[in-house]
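In what follows, every chain begins at residue 1, and chains take the letters A, B, ... in the order their sequences are listed.
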Amino acid sequence: METFFAITVQLSKGMSTSLQIFALTLLFSIPLGLFVAFGRMSKHGLLRGITKVYISIMRGTPLMLQLYAVYFGPFILFGLPLTIQYRATATIIAFSINYAAYFAEIYRGGIESMPSGQYEAAEVLGLGKVHTFVRIILPQVIKRILPSITNEIITLVKDTSLAYAIAYTEMFTLAKQISSARGSLVPVFVAGLFYYIFNFVVAFIMERVEKRLSYYEIK
Amino acid sequence: MKLVEIKNLSKSFDGVEVIRDISFDVEQGDVVAIIGSSGSGKTTLLRCATMLERVSGGSIYYHGDCMVETINGKIQYASRDNLKKIRRHYGLVFQNFNLFPHMSVLNNILEAPVKAFRQPKEETREMAMKLLAQMGLEDRADAYPCQLSGGQQQRVAIARALAMQPDVLYFDEPTSALDPELTGEVLKSIKDLKQQGRTMIIVTHEMEFARNVADRIIYMANGVIEEMGTPEQIFNNPQSEKTKSFLGRTLY
Ligand SMILES: Nc1ncnc2c1ncn2[C@@H]1O[C@H](COP(=O)(O)OP(=O)(O)OP(=O)(O)O)[C@@H](O)[C@H]1O
Ligand SMILES: [Mg+2]
């Protein structure tokens, strides 16, 4: 039991790093995804094309590879130094642009599934485009896409461990280090427990949000 | 005073003309019923008149203000600002209500006047409650659309349109999506509006209702006005063969 606590204390720094990657990625990718979705649905062919390619690359290549690209890219292209601080930044950038692509497709699906009658009712009542989107469309889209968003968020919790690829010491990297130092698998097990509890909390919160929005039905 | 003036209106989709050469006027207090078989262009006409669809030709005026004009084949819509003003002259009630499902009945009604047009909240709320009372729904103000029957939802939609204080109210088959036992309550609400002198243009398949409520009937066939007249003229003494056979099919 004592070792268990000792390990948890040792791991705690990694936990906070993982939490940080998680929180910052959501903070940036959720709004960024909305802009990408707008680009993807834009009237301008070029913008639509660019976002389409962007989304297909983000979804079609491993996140780990994207991490490498963001981390080593500036060094290879411009000869900028590889600093330890940049590992954190690179991780957040890579995760954010990757998740923004996934969120964008979810948003797009939600927005395109809205019946045209909602737009038309708003238009005849004289509501402007922005008003219609923010007050009429978006709240309903959020309700529709919440289950898919929950899936992405749960995947993100587990994906944070990929930061080890560029030696950014989050939870899992640390667990492996401690594991080999102690010659025991307990730290890795504790790490697994941490991800599980984390996702348990995420699922619980998302369920609450879904309940909150269940006061009405969408046909 | 001509509230609505429609001249030589036409609309094509991908080169296929769906309505053509539609002309009629509506005076203050008029109730006009538009009848005709499926696909004759009734919805398209209302959608052009409410700017949900751009016309392919013709002119539309509200209160003498030009919404769209076609001169020498050139279609010219009014400026954005003018269109904004003109839009306030009319309201539209849809076949499938199109209420905002995430808002309570009261907020459905208040959204446009209070949130978009910045009318004073308390006064508008009182007016909304009066409209709901008129529709027999004052006790459902806090309900959500999914908790209401179709007939109740449609009456909320009518109240929502009226809250913008339009001069003329369009209805596109307001009872077609309803179970037969619920159509009566909606038709009755529309009759009450006529008693108050509301100007209305109603697309309907309910012939009995059209006959009782309308001052004028427009019969559309294949995208044109085949015949137009008082209910007496159209129902008792139709001139066109098409009208006769349409009425023969629907009435008996
Ligand atoms: N957006 C569109 N694109 C192409 N064709 C259309 C479109 N909207 C309507 N049409 C066609 O125009 C014709 C008239 O349709 P409209 O919906 O106006 O008829 P309607 O008289 O309202 O019929 P109903 O009684 O069934 O509602 C139909 O042949 C229809 O297929
Ligand atoms: Mg129709």
Exercise for the section: For chain A, find which of B:E111, B:Q147, B:M103 contributes the most heavy-atom pairs closer than 4.5 angstrom. Expected result: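 The candidate making the most pairs under 4.5 Å is B:E111.
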Practice task
Check each atom of A:Q140 against the heavy atoms of chain B and say whether the ones under 4.5 Å are side chain, backbone, both or neither.
Solution key: side chain
Problem - Heavy-atom contact with chain B under 4.5 Å, split by part of A:Y215 - result: both
Exercise for the section: Flag this pair as yes if the NZ/CZ of A:K176 is under 6.0 angstrom from the six-membered ring centre of A:Y164 and inside a 45 degree cone about the axis; otherwise no. Expected result: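 Flagged: A:K176 positioned over aromatic ring of A:Y164.
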Exercise for the section: Determine, for B:F117 and B:R88, whether the Lys NZ or Arg CZ falls below 6.0 Å from the six-membered ring centre while staying within 45 degrees of the axis. Expected result: yes
Exercise for the section: Check each atom of B:F100 against the heavy atoms of chain A and say whether the ones under 4.5 Å are side chain, backbone, both or neither. Expected result: both
Practice task
Could you tell me if the ring centre of A:F38 sits under 6.0 Å from that of A:F133?
Solution key: yes
Exercise for the section: Output yes when a side-chain donor or acceptor of A:N199 lies under 3.5 Å from a complementary backbone atom of A:Y196, and no otherwise. Expected result: no
